[in-house]
Structure formats: structure tokens, C-alpha cells
Amino acid sequence: MATSLPARADVVIIGGGIVGTSLAYHLIKTGIKNTILLERKQLTCGTTWHAAGLVGQLRASRNLTELAKYTTGLFEGLEKETGQATGFKQNGSISIALTEARLEELKRGASMAKSFGLEVQVISVGEIKAKVPHYDLAGAVGGVFLPKDGQVNPIDVTQALAAGARKGGAKIFENTKVTRILTKDGKAIGVETAQGTIRANKVVIAAGMWSRELGRSIGVNIPLHAAEHFYIVTEPINELPRNMPVVRIPDECTYYKEDAGKLLVGAFEPVAKPWGTDGIPENHAFETLPPDMDHFEPILADAVARLPMLEKAGIALFFNGPESFTPDDRYYLGEAPELRDLFVATGFNSIGIQSSGGAGLVLAQWIKDGHPKMDVNGVDVRRIHPFQSGKRYVRDRTVESLGLLYAMHWPYRQVETARGVRRSAIHDRLVAAGACMGEVNGWERPNWYAPKGVEPKYDYSYGRQNWFPYAEAEAKSLQSNVVMFDQSSFSKFSVEGKDAAKILSNISANDVDVEPGRIVYTQWCNERGGIEADLTVTRLAEDRFLVVTGCAPQTRDFAWLKRHTPDDAHCVSTDITSGLPMFALMGPKSRTLVEKLSGADLSNAAWPFGISREIEIGYARVRASRITYVGELGWELYVPTEFAAHVFDILRDAGGEFGLTLAGMHTMNNCRVEKAYRHWGHDITDEDTPVEAGLSFVVAWDKKGGFIGRKSLETQRERNLQPKRLVCLALEDNSIRAPMMYHEEPIYRDGKLVGATTSGAWGHRVERSLGIGYVKHGDGVSKDWLDSGSWEVEIAWQRYPAKVQFQSFYDPRGERIKM
Ligand SMILES: Cc1cc2nc3c(=O)[nH]c(=O)nc-3n(C[C@H](O)[C@H](O)[C@H](O)COP(=O)(O)OP(=O)(O)OC[C@H]3O[C@@H](n4cnc5c(N)ncnc54)[C@H](O)[C@@H]3O)c2cc1C
């Protein structure tokens, strides 16, 4: 251990669990030698020491799987590199399904894994039996085997990472608690400890379940909460095969791991026990929590039935230890939006061991280069909304988060705890109209509307869910009449000042320096040309703009805007989401309805597409913007909050004669997939460029002053044909048997894997199972190449013929929008 605390560092890491230590190891590898890690007690003393040590590789997205795969590779070679044993064993893992739905989930995961280059096998009950003959497989219907999954000893791996970091020059100080993070001018500049102060260029919070409080002390939101997490370890069992793969039976919430002849049985029970709401005790180190046999008993009963040998084996250890969970079960990485140079790597939701290598690698590169090397928006800390770090919210959600790891990962699955947080001004009216609410970032949003007599409640499946016919009716009404979407949850920023146009022009790929009253669809790109945000900018006056973006990227997009506003600029940006609900009236009869209510002329000549103006509805003045995200004629109405109920009532009452109905977010999503309108976070991310995404037509290549990313995009555009392109897919089968695409389904051309989907939905207007995805071809993705191939999409381990084309399947010429 290093002895005297240096005065300066490039990076100070707070926390010596596996995550902080892995970061130190990777910072050294990226060349940041002046790295200091501070641990309040001893390395691993928080959560790491008692982890079960499972190292699985399959995660929910391509890049997170890539990172978990990297972790396995790292662990494999760490002992050789550092001389420190890690306990790494690679016996593989089997997940066993007890229902057909779970088997479909596993098969969908297996297809995804295959497209990520993971070794994976879908196996029968007989094949499972051959691998784990000591299990009673009653009720099993099949499973998936990942031969390269493994297990480690978490303490030893952490020590190995520390040894590697030290060898490269990192300094690690134990018994050194950070008592304060130092900040100046909106930046983190160092840390204070009882042993002295260290000035640093960057500070990283990798403090596990202590992170929320540390963040709060400097105004940084890190919503996480500890939960009790249980496993038992048996006495040695002679009959237990030493090469036993890890076994997961998610339908019984259990996992099983052989460890030195003993069996470890752990659980992800559906109702968890939050712990430490009032703070983590100061002395907590290598601590266990009191056992709770009543809580674990149902799990144990299932385990004994599965493994009869457990009945005779004594329990050597009943373990209960805390781990931190986040509201969406995903960890946090990256630079905090609230404070420059303050990074986080925390909230690992019981997968911190298997994520540690990849998270350390990505964050080290991020710190060095100023951006991650790959799209990791799923775990980016900029997805947090400040309210989420409230104690009560995060505690209540933790009851559910832990169990979600092994729960069915149904498409459209909605959380059930800590609901009703952010409601639109017309929430109660929508509920009365039959809305089935879904949740995004705390917002309650109508996902679909149940007709009279039908309960607005999900009945989940991988196929057509119970709301399918209602969404179909909504889409048909959208196509022939007019519907209203409550889009209050969409984020809105006001950007004002003499420099507002200059600042927005610099970050927007399209030309936003337009006449007042024009709406511009644009991307905000990074220097590499990757898409950081996808939104509209409406010029309200010479010095006033309205930016409208999605619900989920509220914090991220606002942070991007602020970070690209120079301190001395005459420009103020304000998040006005709360004050400006938005109702979208979409469909061919939207014109006559709004004309009747407002008295305004909405004809094509008087009000072309892309124009925004104020109109009167009832006693209210509202901004009406002619634009669409569903591919029909329509107007978005921006209504100040206190007028929202009044305007809604008028619309509803007047809408009857035009067949106005309410429509939900599922219909919006289905329709935008039909139109191939890209969705940020899925179809476009910071590693996809407008050129690859087929959005070159909204890039103002020659605009005066340029924009961030232009150079990279121009270089890319010089290539006539792109090796990676976004395409639209439709399954040939349009019968009721046609399966649904959701995301990450592998795409094959002439039997060769060439890509994967990024979105999927049923298109009610074209009556097909649709997808959006990227395909790759070294010589360039051309129309000829698309047309000359024979295409298939793999869904749940089975391939289906598909049509693939650049343009959308619904109204590719956009005629309906301009009708
Ligand atoms: C029962 C159980 C089983 C698990 N099984 C697995 C598994 O099989 N596979 C898997 O991948 N994951 C598993 N996990 C999860 C895994 O253990 C965690 O995700 C991981 O250890 C988190 O590591 P960390 O470095 O983020 O946090 P920690 O290990 O808690 O490290 C944070 C460190 O920060 C230090 N610290 C806090 N505040 C300060 C301060 N002010 N100054 C200095 N230092 C500070 C703490 O002392 C602590 O050592 C399991 C967890 C539990 C509880």
C-alpha cells in the first residue's frame, strides 16, 4: 500500500470495490499513470467481498454484452498477467425455462447472443439432464447453454486488478475516507481526506451504495439504494460435480454455483428488502446483515425440490449482504451532467463483478478521450432525472428492482412500484377515458386506451398482447379520422438571447437560423459525427427558440445544450417541460377540427408543413406546429399548463363530429416504425451518424459557420456507398402467426449474418411485422445489394423471410403528411 498522500493526481477514484479497482487498472492501461484510488477501509470491504462471483456474458444490448464478454476475457488472463490467483473457472452456464414463454425469452436472447458473437446453444431437457444429471428437471421445457460463462472469486479478482494497477504506477490508499469532494466553477477539482487534500483533474465516484450520499453532497444525482441480497452455502457435498456449470432457474428466482465442493444457492426474489435508507453505517466493512429465514424459505423449498441432495447437506452459511440497485436496474457510467470532471461508476444491480472489466475499460477511455468509445446510452448517467434520487422514490422502487433481474423481461413490461410521480395536467381525464398508463422517467403516459368494459391492464406475451386490437383501432382512426396523443412528457427547452441562434447553429446539423415560425428537424452530432440528440428546433423570434425532444433524453439533451453554451454567451436555456404540455392532433381530419376551433386558415397554402404559429382555442392561446411523428397530416398544440384541461375539454367536445379518439404511445411507436422515423437511443445513437442513418437530407452541409461533426460527416459522405446503413424490414408473413420483432434480432442476407434490428413493431396501417435495423457490407450497402439478396430475420432461434428496403413501408413519399 502507498504511504503518503500525493498533492496532485490526474484522476482520483473514490472506492476500492471491484469497480473502482478495475477503473484504476484500465486508467493505467490507457496511459493515465497518475491515478490514485482511495478506499475508506480496505479493498473489497463494501459489497464486493461477498459477491457470488457469477460471470455471465449475455446482457440486454449489443454493447453491454460486448463489455461483459470483455470482462470474461480479462478475468481469464489476469492471473497470468499479475501473478494473483482469481479463482476463474469457465464451466459455462445453463438457464432453464419452466414455461414456454420463458423458453421464448431465452431463445430470443440466444439469437441475440449469436449475433453478438457469443457461443450459445439452445438445448433440450434431455441435453440439460446430461449436463446436470443431479437436478430434478420436473416442469422444465428447455434451456440455453453459454459455454464461455464462468465464475471467479471476487476478492481475488479485485486484488489482481489492484496488483495490475499498482504495477503500472497507480497508487492505492486504504483507510483513507474521502470526506469532501472539492468543486470550483462548476467543476470537480479534488478531494479532501483526514490525511490531506488531493487536487485532481477528474474525480470518480465508485463508492457502491455510498455513492448517492456522496453525490448529494455536491448536488449530483445518483439514485440508488441498497437491498438485502441472500444466498446460502452448503457443507461440502461429495456427489456434486466439480465441473458443474452455473445453473439459473429464473422462474424459481434461483441460481446455483459449485464452489470448492460446496453449493451456493442465491436468489432474486420478486419482493426485495431495501436496506440502509437512512444512510450506511459508518463502520460498515466486511459486514453481514442478519439472516431472514422466513424471507428465504420459499426459495430454499424450490431449491431442495430441484436438488434433492440439498436435503441432506448441511447449510454452512446463510448469507445476507447489501448491494445497491437503481430505479431502472442499469448501472451508471459517465460524467455527471451537474458537474464537470466528476465521473461515476456505480449502482451495479448485482452484476458488478461481471460488468467490472467492461465498465472500467469504457470509463477509462471516456475519461481519457472525453467520450465513450461505443454507445453506452443505456447506462449513461445522463439518463437520470433529479427527482429519482429522492430517498422515498428510490427506496420504494428497490423493492421491485432486485427481482426484475430474473422476472420475465416482457416486451412493454411496466414497473409497478413508485408510480404516479409525474402526471400530465389532463391525467385524470385520460384515466377516465380508459388509458392504460406506462412509465418513462417517472412520467405516467397513456400507452393504450381500453374500450368501455375492458380493464386497462397489460396481459404480457411475446406475441400480440391484449392491447393489440385497441392499438389497431387507434391506428385506423389515425389513418382515416383524427386522434389525439398526450405528449406532455416530451421535453421542451426555451433558448433565448442574442447568441441563441449562433449556439443552436453550432450544435445542429441542420440549418436552424431560419425565419421565425419555422420548425427544423435536426440532429445534434458529436465531433465524430455520431448522433447525440434528435429533435426539433422552432424559431419563435429572432432571439427565441423552442427545442422539443423525447421524454427519456431530457437530462442528457439539456446537458449537451448547456455544455455547448460558452460562459460568456448571451444565451439562457431553460427546461420548460413542466410548463408546456403538448397535445398532438394527427390524422386527415385534424385540419378541419383545428380550423373549426381556432378560426385560422390551415390550408396548405396558408400553413405549409414545418410552420409553427399561435392560434386561439377557447380562451387559450396555444402554439400550433405542423409536424408529425406518425406520418399523417397533423398539428402539435403546445398549451401552457394551466390552460391544458380547458383546451383538452374543448378538443374532446368538438372532436366528436370528426371521429376524434385518443391514442397512446404504443400507437405512436407502431406508426413511427411504419414511417421509419428514427428513435434516439435505439435506431440512432452517438455511434451512428446521419449518413449511416439515412438522415443526410436533414444535414445542412454548406451552412455558414458549419456545425459540430461536419468534418467527420463530410469525410464519410465522400464514400459514395456506406458500409453500414439503416434499413426497413417487413416479414413476408403477414398472417396472425407472424412473430414480432422488438430489437437486436439478427438479420441475414443469403444466409450470412449482416446486421440486427434496432426497433420493431406491428404496423397496423400496412398490416405487417416491421423492423428497423442496420446492415453492413464492406463494398457498400446499395439498393442493388438490398434488392439482389434473399433476406431473413432470426426471431427466437428461427429464421423468417423478410423484405428489406431503404424507404419506409408506409407512405414512403410522405404524401399523407402534406395532403
Ligand atoms: C449477495 C450478493 C451476491 C452477488 N453476486 C454477484 C455475482 O454473482 N456476479 C456479479 O457480477 N455481481 C454480484 N453481486 C454484485 C457485486 O457484488 C457488486 O455489484 C459489486 O461488488 C459492486 O462493486 P462496487 O465496486 O461498485 O461497490 P463496493 O464493492 O461496495 O465498493 C465501493 C467501495 O467504496 C468505498 N467507499 C465508500 N465511500 C467512500 C469514501 N467516502 N471514501 C473512500 N471510499 C469509500 C467502500 O468502502 C467500498 O469498499 C452480488 C452482490 C451481493 C450482495
Holding to ring-ring contact (aromatic ring centres under 6.0 Å, His included), I want the full list of residues that pass it with [X], two or more places apart in sequence or in another chain.
X: Tyr800; result: none
X: Trp791; result: Trp785
X: Tyr331; result: Phe348
X: Tyr332; result: none

Ignoring hydrogens and angles, state whether a donor on the side chain of [X] or [Y] is under 3.5 Å from an acceptor on the partner side chain.
X: Thr30; Y: Gln365; answer: no
X: His229; Y: Ser350; answer: yes
X: Thr685; Y: Asp688; answer: yes

Applying salt bridge (Lys or Arg N to Asp or Glu O under 4.0 Å), which residue pairs with at least one partner in residues 790-801 are found, sequence neighbours left out? Lys114-Glu794, Glu792-Arg799, Glu794-Arg799
If a pair satisfies salt bridge (Lys or Arg N to Asp or Glu O under 4.0 Å) and one of its residues is in residues 345-368, list it, with sequence neighbours excluded.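 For residues 345-368, and leaving out neighbouring residues, there are no salt bridge (Lys or Arg N to Asp or Glu O under 4.0 Å) pairs at all.
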Parallel, tilted or perpendicular: rings of His743 and His682 (30°, 60°):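 Correct class here is perpendicular.
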Using salt bridge (Lys or Arg N to Asp or Glu O under 4.0 Å) as the criterion, list what pairs up with Arg306, not counting sequence neighbours. Glu252
Residues forming a salt bridge (Lys or Arg N to Asp or Glu O under 4.0 Å) with Asp557, sequence neighbours excluded: none
If every non-hydrogen atom of Ala113 is compared with every non-hydrogen atom of Leu58, which pair is closest and at what distance?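 Ala113 and Leu58 have their closest heavy atoms at CB-CD1, 3.7 Å.
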Under the side-chain contact (heavy atoms from CB on, under 4.5 Å) rule, collect the residues that match up with [X], sequence neighbours excluded.
X: Ser735; answer: Asp733, Arg737
X: Asp811; answer: Lys675, Glu815, Arg816
X: Asp459; answer: Asn466
X: Glu127; answer: Ile123, Ser124

Quick one: do Asp329 and Arg397 make a salt bridge, cutoff under 4.0 Å? no
